[in-house]
Amino acid sequence: MMKFWNKKKHEIKKIQTQLNDQEQASQKVADKYNQRPKKWMYNGGIALLVVAAVVYAFISSEISIRDVDFATQFYYLWRGFTHPNTDFLFDMSKGGVPYLTLETIAIAFSGTFLAAILAIPFGFLTAKNVVGKHWSKLGEVLLIIIRTFPEIVLALVLIRVIGMGATTGALTIGIHSIGMLAKLYAEAIENMDQGPIEALDAVGANVWQKIRYGILPQVIPDFLSVALYRFDINVRSATILGMVSAGGLGAPLIFASQAWNWSQMSSVLIAIVIMVITVDFISSKLRQKLV
Amino acid sequence: MLAAKTITLPSGKTVKQPFNKIIIPAAIAIAVFIVCSWVVLQNKGTLKLYEIGTIFKQLFSPTDYPAMNIHHTWGDYFGYLFSLEIREALGETLRMSFIGSIIGSVLCLPFAILCSQNIVKTKWIYVPMRFIINLVRTMPTMVMAVIAVSLIGMGALAGIIATSIFTFGIMTKMLYECIEALDMGPYEALQSCGANKTQAFFYSVFPQLLPTYLGYFIYNFEINVRTSIVLGYVGAGGLGVILQANMDSIYTRSRVGAILIMMFLLVLLMQAFTRYVRGKLQ
Amino acid sequence: MIKFINTGKKYPNGFQALENINLEINDGEFVAIIGLSGAGKSTLLRTINKMNAATSGQVLVNDKDVSKLEGKELRELRRSIGMIFQSFNLVKRASVYKNVLAGRVAYHSTFKTLFGIFPEEDKIMALEALEKMGILDKAYERADRLSGGQQQRVALARALAQNPKIILADEPVASLDPITTLAVMDDFKRINRDYGITIVANMHHVDLAVKYADRIIGLQAGKLVYDGPSDAIDEEKLIQIYGRSLHADEVHGRVDAPKIKDVAGTSVFDKENKKEKKKSVKISDVEGE
């Protein structure tokens, strides 16, 4: 790399001397050369700032890794992961991995289903071309609030109200997902073709008929695709929610980790990997069909 | 409704109406939903709807507990909101996600190149590479944090590891998809005038990639702040730690509320910041 | 019968799109409106079904003042007037049949139509309309699978399904290629002749207007400057309407010679050119199959 730069510098010098040689003829070139954009100060400043931030972050976080015996830890990790707890993995009772995996997917699916329906009015009320600019801003703020509230915290609050369990998990996902779904719904509504609505106007359709025959057929495939995408995300979230006892695979995972039971942990992780990959695959296939 | 119907027009022509294709997938979706909600409803707690109001009051206002001789004022509430504990936790959250984003996005560079079909033309390199990346991406950050915490103990380092791995996974994927969508004309042009592969990469692909790369970095930084806020709940440092510490006791609810407010503000600020920077990057 | 009495239209930004239009269009006529872009062609057309409301004067459709209609009455008027758009305005993801059926919604209650319930006659009517346009075999295909010409025929079928007395066409062929343009214009002519439906169309291509319409209305800066039979139009009158000689893009011209530069008067009306056009109609028939 350095060599290349030196070569480049050399070339520039050469050009400069050449310019001096043929002053009259290449005065224009020289002028242009002098007018070249000089952004190095701005770019360099920003680069310096970033580097300083990185250095400061590393120094100030006082990371100590002295008292960790990595070799032993990794040995246990490796042993555990290569010897998953098969009894737990194939335990068909309600406390076993298969049922908990099913429960996780069920939490994600019913939560997403709820959110996908609840988000429709929110989506319409946030779309600029439906309610106008000002109301749309209001809706947007509301959706940002919903999205910003961390899922786990929402689950913790809901647990106090409706108790522990998978139902809480599903409701958490149902409420939290509205934020993103409604935003993407609104975008789909804003991007749709206005033509059919104009045509329905000319046909004499009223507002509801315009929505039913002009808007819905255009946006429903988009809505479904967005909801499927969110289902992908929610399968991952549902695993996490178990950690605060809102049902699913998270609970055995955190118990295993607290007991340093690596083999039990590895059975849960195997289930997570298989579940996530399968769901990703199915949902991406379905989304391709929707377009 | 399911069977195909034949309609005869006045002109004598007949039209076979195909059955409505939407019905079957819709029926499946509803059936799956019913099964899923049945499964979910098997595991439910006791409903205490009247708690909603109490909880919000406890969270977002100073609450007195005369029996315990605890008396809070708004002064206490706001005092805690800007206390050293919260400020330090905020700082740790930000640092954790920043360092994690940096490590992840630096690590992802070589892997993204190895994953892109149009630069590495050998199938047996980019296919297994992509498989590994996809495997990494299946793990939620929180799960990574759980593993990291039990491996190296509680603290910011576990959080950094978790966010680094997450960033690494998602950045590699985004980046190689971006590289594959690039205009390879300049790359070939440079090679045609004698540059070697590395030179050609840094003078044609890299400049095209740089703004996107920075944009992705900022985007990931924002996501990481969001996730690392709660990572502390499993012991991986940051705001989550004090959230967890105050969560269990009923007498520290107002502290939890204050922490929630700070979390919210942090995420909002991050959103505004990333929007600004991405606007600058175009 | 459509009657304009001192009709004017002023947009909120102060732009006077139409001024003192007095006009009578009889039942069963094929009328083409020509003029420069911005002359008010579209506005004039859209005042007929109050897609744009006239701001002064009256627009009478069958002796009812359109500009005073509101709500249900307006919708009832609109359902008896078909409208065709430059960009077809179909729901691209829905089937052709559903698009045509949407032309019937105004005849039924909101409640029933929300659940997609239509009486049997309506379904047959929609299919019949498709048959009239020669695209019955495409009935259950998605609208975006069809070519531009076919999509415009679907739009025409939607209008026919309304059972209209009048069809308004706003630049119906402006986004079609030269060959399909002629085929679609033939369809308009056929509808006009066979079903006696009044057709009022905005035309960008003057030669097409002259070829297909019975009567030409020329607008200039919102004023009526020409109204007469299409065979009486000549270069002088065109200059009167356009204020200049025609540009190449205002003439549809010869299908096989897209590079005509300045055809003012000459290639539009010479016989040789008309022969060429007839030939191309045949080509389009073949390609349409």
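Only this structure's heavy atoms are used, side chains among them; waters, hydrogens and symmetry mates stay out. Quick note on labels: first sequence line is chain A, next is B, and so on, each numbered from 1.
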With a 4.5 angstrom heavy-atom cut-off, is it the side chain or the backbone of [X] that approaches chain B, or both, or neither?
{"X": "A:Leu286", "value": "neither"}
{"X": "A:Ala256", "value": "neither"}
{"X": "A:Met164", "value": "backbone"}
{"X": "A:Val235", "value": "neither"}
{"X": "A:Tyr76", "value": "neither"}
{"X": "A:Thr239", "value": "side chain"}
{"X": "A:Ile152", "value": "side chain"}

Q.
Let's test your reading of the structure: which of B:Thr54, B:Val35, B:Thr138 forms the most heavy-atom pairs below 4.5 Å with chain A?
A.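 Winner by heavy-atom pair count: B:Thr138.
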Report which part of [X] has an atom under 4.5 Å of a heavy atom belonging to chain A: side chain, backbone, both, or neither.
{"X": "B:Leu94", "result": "neither"}
{"X": "B:Phe98", "result": "side chain"}
{"X": "B:Val39", "result": "both"}
{"X": "B:Leu41", "result": "both"}
{"X": "B:Ile259", "result": "neither"}
{"X": "B:Met96", "result": "neither"}
{"X": "B:Ile147", "result": "both"}
{"X": "B:Leu266", "result": "neither"}
{"X": "B:Tyr233", "result": "side chain"}

Closest heavy-atom contact between [X] and [Y]?
{"X": "A:Met180", "Y": "A:Arg230", "result": "SD-NH1, 3.3 Å"}
{"X": "A:His176", "Y": "A:Glu151", "result": "CD2-OE2, 3.5 Å"}
{"X": "B:Met142", "Y": "B:Val230", "result": "CE-O, 3.6 Å"}

Heavy-atom donor-acceptor pair, [X] side chain to [Y] backbone, under 3.5 Å:
{"X": "A:Thr82", "Y": "A:Arg79", "value": "yes"}
{"X": "B:Glu177", "Y": "B:Met174", "value": "no"}
{"X": "A:Trp262", "Y": "A:Trp78", "value": "no"}
{"X": "A:Ser225", "Y": "A:Pro221", "value": "no"}

Q. Roughly how far, to the nearest 0.5 Å, is the CG atom of B:Leu231 from the CG atom of B:Leu239?
A.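 If I round to the nearest 0.5 Å, the distance is 11.0 Å.
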Q: Look at the rings of A:Phe113 and B:Phe33 and say which category their plane angle falls in: under 30° parallel, 30 to 60° tilted, over 60° perpendicular.
A: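 Correct class here is parallel.
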Q: Pick whichever of A:Pro150, A:Gly163, A:Ala106 has the most heavy-atom pairs under 4.5 Å with chain B.
A: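 The answer is A:Ala106.
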Q) Which of the residues A:Val268, A:Ile145, A:Ile144 is involved in the greatest number of heavy-atom pairs with chain B at under 4.5 angstrom? A)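 Maximum pair count with chain B is reached by A:Ile145.
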Q.
Could you go through A:Ser177 and A:Asn234, starting from their C-alpha distance and side-chain angles, then the distance that decides it, and tell me whether this counts as side-chain hydrogen bond (donor to acceptor under 3.5 Å, both in side chains)?
A. CA-CA 8 Å; A:Ser177 307; A:Asn234 283 346; 3.0 Å; yes
Q.
Could you check whether B:Asn224 and B:Thr163, counting side-chain N and O atoms only, form a donor-acceptor pair closer than 3.5 Å?
A.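 Distance-only check fails for B:Thr163 and B:Asn224.
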Q. A:Arg287 pairs by salt bridge (Lys or Arg N to Asp or Glu O under 4.0 Å) with which of A:Asp280, A:Asp222, A:Asp232?
A.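 Per the salt bridge (Lys or Arg N to Asp or Glu O under 4.0 Å) rule, the option paired with A:Arg287 is A:Asp232, out of A:Asp280, A:Asp222, A:Asp232.
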